[in-house]
Asker: 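Below are the structure tokens for one structure; questions will follow.
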Amino acid sequence: MGTANTRAPLPALSAMPGIEPMGQGLAPDELLNDLHLIMEGAYNPGHPGAMAHLDPPALTGSIVADLIVAGLNNNPLAEELSPSLSRLERSLLGWLAHRLGLGENANGVPASGGSLSNLMALVCARKAAGLQHQPEAVVLCSQAAHVSLEKAMTVMGLAADALQRLPVDPEGRLDPQALAAALEHWQCQGRPVIAVVATAGTTIRGAIDPLPAIAALCRSHGVWLHVDGAIGAVFGLIDHHQQRVPGLGLADSLTVNPQKLLGITKTSSVLLLRQPQWLAETFATGLPYMDPSWGGHHGGECGLQGTRPAEILKLWLGLRQLGLAGIEAILDGAVQRRSRLEQLLADLRSPSGQRLHCLSGPLHLLAFCPEGLDASASASWSAETRRRLLEEQLLLSRPLVQDRFHLKAVLGNPHTGDHELRKLARVVAGSLPH
Ligand SMILES: *Cc1c(COP(=O)(O)O)cnc(C)c1O
């Protein structure tokens, strides 16, 4: 985007164009003027100071593919509505699942976002465990697991306390001892466990739950392991980053969000299963108005969505444009920016010697807050510092961790350079209480 460097990451509220269709359709130049108004008010992920969220600038190959998807207007609901794209979907997801260690037969289904991938995973897990008619069943995850799991409980009609959040260690990772105790506890209570959800890349600090230990517990209790890798799974694609997400391939199901760090245009999420037949076992209805599928099941029978855009094309073209070297460069850059910022912030001291408390992990996320602030002091410090940062065209987010507000940087934007990181550290240094 030609103006990405000059427009602020977060624009001021802008004028809105007319809303309702007029009696006569508008001419192209009028439509363009109206479009401009909307674009001027848009969030600008391409600005080098855009570090608040998991939404990087869009990869050009995926933008092109998005236009082509719209123009082709195929429908992966059924193979005769998207012959080549359905084949591409099956082949690419098979490759992805295999590359991430889920085995030879693994495959999956694309979804409009990670929330839907997580939901479908849990519905499959419930079917595989034969617990469809047990509203008292529970799902175990950590305190830091994503809010989309709460929605899944609601949609699945489970009890109000069905999502059991377990303690994390000081690094923000699910504690396997707490998990072992919980598995025993719920068994004694007579409430079956649908699945354990481990997170590979938590939303605030990018922590990775200890997957090998968790997988071993799941195996011994015969419980499905879903790994929410919406943030972290892409690190499993590249050999020298794999050690950041050890044990990814032990999952029964895995959520991957290429719309996050890789910059594939929204939406791009996939759910991968070690045994993909559970998708059709769970969701197939038969499509009486369609010819039978050539390769097993129609796309619309392998997930919750019926008609959907052929989003696989964006992922395919984006990954082919990057190559493994391009993917590696994105991951390298993101991790390097996080460790550089971590180092800059670690050196900061207030005049009275106060330091920052940093929350991070092996990925590209970092949250921080001055040591020793109480809840209300953290609220005013974070609001004021966020405002000062915005004046410098640096956008951070402001998550609440327990009862303390932090500032959070997501270092996935390849346009963010050392200049921005040093400026950020300067503003934060000036914000430390005297
Ligand atoms: C972003 C995210 C999700 C949800 O993905 P959406 O695409 O926003 O629905 C799930 N889990 C984790 C850990 C995430 O960071």
Side-chain angles (χ1 to χ4, degrees), residues 43 45 51-56 58 62 66 100 108-123 125 139-156 163 165-166 168 171-174 195-211 214 225-236 244-245 248 251 253-272 303-305 308-309 311-312 314-315 334 338 359-367 397 399-401 406 408-413:
Y43 170 64
M51 296 179 233
H53 299 290
L54 293 149
D55 298 64
S62 73
D66 225 348
L100 293 174
V109 66
S112 292
S115 302
L116 200 47
S117 294
N118 283 345
L119 170 62
M120 291 193 291
L122 292 175
V123 176
V139 171
L140 307 178
C141 67
S142 93
Q143 270 158 9
H146 193 259
V147 291
S148 55
L149 301 177
E150 318 261 358
K151 291 190 196 173
M153 301 301 98
T154 304
V155 176
M156 292 167 76
L163 190 67
R165 291 181 175 272
L166 306 175
V168 292
E171 303 296 312
R173 303 172 294 204
L174 174 60
V196 170
V197 180
T199 308
T202 57
T203 310
I204 292 178
R205 65 186 294 173
I208 311 292
D209 287 343
L211 304 178
I214 293 171
L225 172 59
H226 175 60
V227 174
D228 181 356
I231 296 175
V234 294
F235 287 86
R244 296 181 198 283
V245 286
L248 212 52
S253 56
L254 174 65
T255 292
V256 189
N257 265 21
Q259 70 192 17
K260 287 186 170 167
L261 187 50
L262 295 183
I264 308 296
T265 53
K266 294 174 188 61
T267 51
S268 180
S269 176
V270 303
L271 172 65
L272 303 174
L304 268 175
Q305 289 176 270
R308 54 186 165 87
E311 298 193 279
I312 201 69
K314 303 183 292 187
L315 181 56
R338 188 265 304 153
L359 300 174
S360 192
L363 307 186
H364 58 297
L365 288 80
L366 171 65
S397 57
L400 189 60
V401 185
H406 286 59
K408 170 183 156 189
V410 181
L411 285 313
N413 180 353

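Keep in mind that the numbers below use all heavy atoms, side chains included, and drop hydrogens, waters and symmetry copies. All values reported here derive from a predicted model rather than from experimental measurement. Indexing begins at 1, ligand by ligand and atom by atom, following the structure's order.
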Asker: Which protein N or O atoms sit under 3.5 Å from any N or O of ligand 1? Give each pair with its distance.
Answerer:
unit_1   : atom_1 : unit_2 : atom_2 : d
ligand 1 : 5 (O)  : Gly114 : N      : 3.3
ligand 1 : 5 (O)  : Asn257 : ND2    : 3.4
ligand 1 : 7 (O)  : Gly114 : N      : 2.7
ligand 1 : 7 (O)  : Asn257 : ND2    : 3.1
ligand 1 : 7 (O)  : Gln259 : NE2    : 2.7
ligand 1 : 9 (O)  : Gly114 : N      : 3.2
ligand 1 : 9 (O)  : Ser115 : N      : 2.8
ligand 1 : 9 (O)  : Ser115 : OG     : 2.6
ligand 1 : 11 (N) : Asp228 : OD1    : 3.2
ligand 1 : 11 (N) : Asp228 : OD2    : 2.6
ligand 1 : 15 (O) : Lys260 : NZ     : 2.7

Asker: Looking at residues at least two apart in the chain, or sitting in another chain, which of them share a side chain to side chain contact (heavy atoms under 4.5 Å, CB included) with Ala111?
Answerer: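 For Ala111, the residues satisfying side chain to side chain contact (heavy atoms under 4.5 Å, CB included) (neighbours in sequence not counted) are Leu116, Ser117, Met120, Gln305.
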Asker: List for me each residue that meets side-chain hydrogen bond (donor to acceptor under 3.5 Å, both in side chains) alongside Asn118, sequence neighbours excluded, and say none if there are none.
Answerer: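 With neighbours one apart ignored, the set is Ser148, His226, Asp228, Thr255.
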Asker: Can you tell me how far the CD atom of Glu311 sits from the OG atom of Ser268, to the nearest 0.5 Å?
Answerer: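 Reported value, rounded in 0.5 Å steps: 6.5 Å.
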Asker: As an exercise, state the distance from NE2 of His146 to CD1 of Ile204, rounded to the nearest 0.5 Å.
Answerer: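 CD1 of Ile204 is found 10.0 Å from NE2 of His146.
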Asker: Under the salt bridge (charged side-chain N to carboxylate O under 4.0 Å, His left out) rule, collect the residues that match up with Lys266, sequence neighbours excluded.
Answerer: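 So Lys266 forms a salt bridge (charged side-chain N to carboxylate O under 4.0 Å, His left out) with Asp55.
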Asker: Quick one: NZ on Lys408 to OG1 on Thr203, what's the gap to the nearest 0.5 Å?
Answerer: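 Output value for this atom pair is 6.0 Å.
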